[in-house]
Peer 1: 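Structure incoming, see below.
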Amino acid sequence: MFDSGSPLPPCSFVIFGATGNLASVKLLPALYRLEEAGRLPAGLSLIAQGRRPFDDGAWRDQVRQVLAPRLRPDPAVLDRFLERFDYLQGDLAAPDTYTRLKDILARPRMGVCSNVVFYLAIKPGDFADVIRNLDACGLNKPRGLHRIVVEKPFGTDIESARTLNQLLHRHFEEEQVFRIDHYLGKETVQNLLVFRFANTLVENLWNRNYIDHVQITVAEAVGIGSRADYYDKAGALRDMVQNHLLQLLTLVAMEPPPALEADALRDEKVKVLRSIRPVPRRFVHAHAFRAQYAAGQAGGEPAVGYREEAGVGADSVTESYVAAKFYIDNWRWSGVPFYLRTGKRLQENLSMIAIRFRHPPQQLFRETPLAQLEPNWIVLSIQPEESMHMEIHAKQPGLGMDTRVLKLNACYRNPEEKPLDAYEALLLDVIEGDRTLFIRFDEVEWAWRVVDPILKHWAQEREFIHTYPAGSWGPGESQRLFDGEDTAWRNGV
């Protein structure tokens, strides 16, 4: 999680599904940027598994094509990066693939490895084949510590999540399992811990006595693109709320851990998830709202509706937008609503945590109703920029005692400091064996318990779904979730 300054151990890093979208868009660029920054250990070797019939040379050409439009790589750095690779062509279900992988690992070209990382950049339906074959070939036994990295979605509901976890635990120890959520690697998310627990000014106000409500927004301007095969079965609640947004909620609401260690941090996050008030099935409509984007304008260009996307059925009621309200029944947060919102084809890419404070107990400075007084806010922007934003009142210049809102902005990064991609941070943590920013199964299980009643209720409502125009901020009907009449979604920092 934090740079210790010590050299990283030698490691073999195996990417299953190296020719797929996740590896091309996220993993290979992140690994290259770490190479460029001099952060990869000298003893790191990379093994790329895929079904395409490449040899090592053809694979390296493929990596050049993948990286060129995204990064404009430095030729010398790229050559050094490509020299780390072996390519393994093979089917994930074929035992011979793992026998040949074992042979490659037995002769690492970059030095003797004390650990091996197996990264499952593959469809969840292929997880079982890889996990069982690694065990059958003896590759789950640590020569030091072998680790397996599992991407979301971790199951499709609580039952399938438990089944996947049982499969993992039959073949790997819990200490070897790294469940990755890339949102936890973002700088602003990590900075939230420092912001809260290193500043007594903030932490003293971080409770129900001062905070009116919390909004967590993850908005995407893009549609589902070519992901209909996955997305139309999952929907926004499974794809984003169960993992990314609930993880952000736990970091906002958790108590200070006794130490900044993996299990201590995760213990506090689980306490938050266990304290979320269950949503009774008959009250789902009062706590959650779903919708689907219709045709509209996105980036000044016409955009089709969700049902017109390739691979989506004309009668689909899969949600591309979710808004939900949760309460945390503990001493710190009793009565404070947490509003979560995510959607595709919204007006812009925006991820933020917005904390609205209560109104002062008495209005002294304006002859206006208290409800019209602008509240204080703290906004933590995750993207498109990483910053903290605070809004407070000050006197307007002049003879009167009218107030105006001052906006205080603080960027986390100095101009000369390059941003660190979330995957870069998490890949380094995997290599180091630091599990702090990875998810324990009880976090997964309790998060599914939170959303399962909503999923089951929506599964029975197959005839109608609200819509919103592509390029908008979503359906106005979601405003009904708010407890206060003066409350609305915040659509910008």
Peer 1: List the steps and the verdict of ring pair (Phe, Tyr, Trp, His ring centres under 6.0 Å) for Tyr321 and Tyr293.
Peer 2: CA-CA 8 Å; Tyr321 175 98; Tyr293 62 84; over 10 Å; no

Peer 1: Do Asn349 and Pro384 touch side chain to side chain, with heavy atoms closer than 4.5 Å?
Peer 2: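 Not in contact.
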
Peer 1: Does a side-chain heavy-atom distance below 4.5 Å link His244 with Leu184?
Peer 2: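 Result no, sub-4.5 Å side-chain heavy-atom pair not found.
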
Peer 1: Just by modelled atom types, is the Val304 backbone N or O under 3.5 Å from a matching donor or acceptor in the Glu309 side chain?
Peer 2: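 Not a single qualifying donor-acceptor pair exists.
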
Peer 1: Is there a side-chain contact between Val444 and Ile158, using heavy atoms and a 4.5 Å cut-off?
Peer 2: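 Not in contact.
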
Peer 1: Answer yes or no: is there a side-chain heavy-atom contact under 4.5 Å between Leu428 and Arg39?
Peer 2: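 Answer yes - side chains close enough.
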
Peer 1: Would you say His171's side chain and Arg132's backbone share a donor-acceptor pair under 3.5 angstrom?
Peer 2: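 Here the side-chain-to-backbone pair does not exist.
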
Peer 1: Answer yes or no: is there a donor N or O on one side and an acceptor on the other, between the side chain of Ser351 and the main chain of Val218, under 3.5 Å?
Peer 2: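 Flag not set: sc Ser351 to bb Val218 has no pair under 3.5 Å.
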
Peer 1: Does atom CZ of Arg64 have more than 12 heavy-atom neighbours from other groups under 6.0 Å away?
Peer 2: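 Yes, enclosed.
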
Peer 1: Out of curiosity, Met254 CE to Ile328 CD1, how far, rounded to the nearest 0.5 Å?
Peer 2: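 Nearest 0.5 Å value for the CE-CD1 distance: 12.0 Å.
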
Peer 1: Is there a donor-acceptor pair under 3.5 Å between the side chain of Glu319 and the backbone N or O of Ala236?
Peer 2: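 Answer holds: yes.
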
Peer 1: Using atom types as modelled and distance alone, determine if a side-chain donor or acceptor of Glu432 lies under 3.5 Å from a backbone N or O of Asp429.
Peer 2: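 Looks like no, no N/O pair under 3.5 Å.
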
Peer 1: Show your reasoning for whether side chain to side chain contact (heavy atoms under 4.5 Å, CB included) applies to Leu273 and Glu443.
Peer 2: CA-CA 7 Å; Leu273 293 169; Glu443 292 180 69; 4.3 Å; yes

Peer 1: For Lys456, give me all partners under side chain to side chain contact (heavy atoms under 4.5 Å, CB included), at least two apart in sequence or on another chain.
Peer 2: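 Testing Lys456 for side chain to side chain contact (heavy atoms under 4.5 Å, CB included), a comparison that skips the adjacent residues, returns Glu159, Arg281, Asp452.
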
Peer 1: Before accepting this row, confirm whether a basic side-chain N of the pair Arg51/Asp91 lies closer than 4.0 Å to the acidic partner's carboxylate O.
Peer 2: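 Looking at Asp91 together with Arg51, the answer is yes, because their closest N to O distance falls below 4.0 Å.
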
Peer 1: Under the salt bridge (charged side-chain N to carboxylate O under 4.0 Å, His left out) criterion, do Lys141 and Asp135 qualify, and how do the steps go?
Peer 2: CA-CA 8 Å; Lys141 303 297 189 295; Asp135 186 355; 3.6 Å; yes

Peer 1: Please answer whether the main-chain N or O of Gly20 pairs with a side-chain N or O of Ser24 as donor and acceptor at a distance below 3.5 Å.
Peer 2: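 Judged by distance alone, yes, a pair lies under 3.5 Å.
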
Peer 1: May I ask you to check if Lys186 and Tyr183 form a cation-pi contact, with NZ or CZ under 6.0 angstrom from the six-membered ring centre and within 45° of the axis?
Peer 2: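 Positive - Lys186 is close enough to the ring of Tyr183 and near enough to its axis.
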
Peer 1: For residues Phe438 and Val430, determine if any side-chain heavy atom of one lies less than 4.5 Å from a side-chain heavy atom of the other.
Peer 2: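 In short, these two side chains touch, coming nearer than 4.5 Å.
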
Peer 1: Would a distance-only check, ignoring hydrogens and angles, find a side-chain to backbone donor-acceptor pair under 3.5 Å from Arg70 to Val66?
Peer 2: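 Here the side-chain-to-backbone pair exists.
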
Peer 1: Please examine the side chains of Glu261 and Leu265, heavy atoms only from C-beta on, and report whether any two atoms are closer than 4.5 Å.
Peer 2: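 No. Closest side-chain heavy atoms not under 4.5 Å.
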
Peer 1: Classify the side-chain pair Glu461/His285 by whether it contains a donor and acceptor separated by less than 3.5 Å.
Peer 2: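 On atom types as modelled, these side chains qualify, holding a pair under 3.5 Å.
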
Peer 1: Does a donor on one side chain and an acceptor on the other come within less than 3.5 Å for Tyr119 and Glu151?
Peer 2: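 The criterion, which ignores hydrogens and geometry beyond distance, is satisfied for Glu151 and Tyr119.
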
Peer 1: Is a salt bridge present between Arg462 and Asp315, judged by a nitrogen-to-oxygen distance below 4.0 Å?
Peer 2: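 A salt bridge is absent here (no side-chain N lies under 4.0 Å from a carboxylate O).
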
Peer 1: Is there side-chain contact between Trp448 and Arg238, with heavy atoms separated by less than 4.5 Å?
Peer 2: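 Yes; the side chains approach each other to less than 4.5 Å.
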
Peer 1: Any side-chain to backbone donor/acceptor pair from Arg100 onto Gln89? Under 3.5 Å, distance only.
Peer 2: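 It does hold such a pair.
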
Peer 1: Check whether the side chains of Asn140 and His146 place a donor and an acceptor atom closer than 3.5 Å, and report yes or no.
Peer 2: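 Asn140 vs His146: no donor-acceptor pair found between side chains.
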
Peer 1: Does anything in residues 17-45 pair up under ring-ring contact (aromatic ring centres under 6.0 Å, His included), and if so which pairs, sequence neighbours excluded?
Peer 2: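 Of all non-adjacent pairs touching residues 17-45, those that pass ring-ring contact (aromatic ring centres under 6.0 Å, His included) are Tyr32-Phe81.
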
Peer 1: Provide the full list of ring-ring contact (aromatic ring centres under 6.0 Å, His included) pairs with a residue in residues 219-238, sequence neighbours left out, each pair given once.
Peer 2: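 Sorted pair list comes back empty.
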
Peer 1: Between Ala23 and Gly17, what is the shortest heavy-atom contact and its length?
Peer 2: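 Reported closest heavy-atom pair: CB-O, 3.7 Å.
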
Peer 1: Is a side-chain donor-acceptor pair under 3.5 Å present for Asp96 with Thr99?
Peer 2: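 On atom types as modelled, these side chains do not qualify, holding no pair under 3.5 Å.
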
Peer 1: Identify the heavy atoms of Phe289 and Ser478 that sit nearest to each other, and give their distance.
Peer 2: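 So the minimum-distance heavy-atom pair works out to CD2-CB, 4.0 Å.
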
Peer 1: Quick one: pull up CG in Asp239 and OG1 in Thr318 and give me the separation to the nearest 0.5 Å.
Peer 2: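 These two atoms lie 11.5 Å from each other.
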
Peer 1: What's the verdict on side chain to side chain contact (heavy atoms under 4.5 Å, CB included) for Asn133 and Thr97, showing C-alpha distance, side-chain angles and the deciding distance?
Peer 2: CA-CA 9 Å; Asn133 277 301; Thr97 300; over 6 Å; no

Peer 1: Would you check if there is a donor-acceptor pair between the side chains of Lys269 and Gln247 at a distance under 3.5 Å?
Peer 2: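 There is such a pair (donor and acceptor under 3.5 Å, judged by atom type) between the side chains of Gln247 and Lys269.
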
Peer 1: Of the non-hydrogen atoms in Leu28 and Ala18, which two are nearest, and what is the gap between them?
Peer 2: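 Closest approach of Leu28 to Ala18, heavy atoms only: CD1-O, 4.3 Å.
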
Peer 1: Evaluate the criterion side chain to side chain contact (heavy atoms under 4.5 Å, CB included) for residue pair Leu88 and Phe16; output intermediate values, then yes/no.
Peer 2: CA-CA 9 Å; Leu88 172 65; Phe16 289 102; 5.6 Å; no

Peer 1: Is it true that Glu255 and Lys271 have a side-chain N and a carboxylate O under 4.0 angstrom from each other?
Peer 2: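 So Glu255 does not pair with Lys271 through a salt bridge.
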
Peer 1: The test is side chain to side chain contact (heavy atoms under 4.5 Å, CB included); show your working for Val272 and Val252 and say whether it passes.
Peer 2: CA-CA 10 Å; Val272 173; Val252 173; over 6 Å; no

Peer 1: Which heavy-atom pair separates Leu40 from Leu44 by the least distance, and what is that distance?
Peer 2: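 Taking every non-hydrogen atom into account, CD2-CD2, 3.7 Å.
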
Peer 1: For Asp229, does the CG atom have more than 12 heavy-atom neighbours from other residues, nucleotides or ligands under 6.0 Å away?
Peer 2: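 For Asp229, atom CG is not crowded (no more than 12 foreign heavy atoms under 6.0 Å).
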
Peer 1: If we ignore hydrogens and angles and just use 3.5 Å, is the side chain of Ser472 paired with the main-chain N or O of Tyr468 as donor and acceptor?
Peer 2: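 Checking the backbone N and O of Tyr468 against the side chain of Ser472, no donor-acceptor pair under 3.5 Å is found.
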
Peer 1: Verify side chain to side chain donor-acceptor pair (under 3.5 Å) between Arg341 and Thr217, making sure each step is shown before the conclusion.
Peer 2: CA-CA 5 Å; Arg341 172 180 59 154; Thr217 294; 3.1 Å; yes

Peer 1: Could you state the interatomic distance from CD1 (Ile47) to CG (Leu105), rounded to the nearest 0.5 Å?
Peer 2: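 Reported value, rounded in 0.5 Å steps: 5.0 Å.
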
Peer 1: Is Ser316 reaching over with its side chain to a backbone N or O of Gly313, donor-acceptor style, under 3.5 angstrom?
Peer 2: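 Absent.
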
Peer 1: Would you compute the distance between atom CG of Leu167 and atom CZ of Arg170 and round it to the nearest 0.5 angstrom?
Peer 2: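 Those atoms lie 5.5 Å apart.
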
Peer 1: Thinking salt bridges, do Glu174 and Arg179 make one under a 4.0 Å N-O criterion?
Peer 2: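 Answer for the salt bridge query: yes.
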
Peer 1: To the nearest 0.5 Å, how far apart are CG in Leu350 and OG in Ser381?
Peer 2: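 Result: 6.5 Å between the selected atoms.
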
Peer 1: Mind checking the CG-CG spacing from Leu78 to Asp74? Nearest 0.5 Å is all I need.
Peer 2: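 It comes to 8.5 Å.
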
Peer 1: Looking only at non-hydrogen atoms, find the nearest pair between Phe326 and Leu340 and report the distance.
Peer 2: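 Between these two residues, the closest heavy atoms are CE1-CD2, 4.0 Å.
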
Peer 1: Would the Phe464 and His466 ring centres measure less than 6.0 Å apart?
Peer 2: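 Between His466 and Phe464, which both carry aromatic rings, the centre distance is below 6.0 Å.
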
Peer 1: Less than 4.5 Å apart, any side-chain heavy atom of Val214 and any of Ile216?
Peer 2: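 Contact flag for Val214/Ile216 side chains = yes.
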
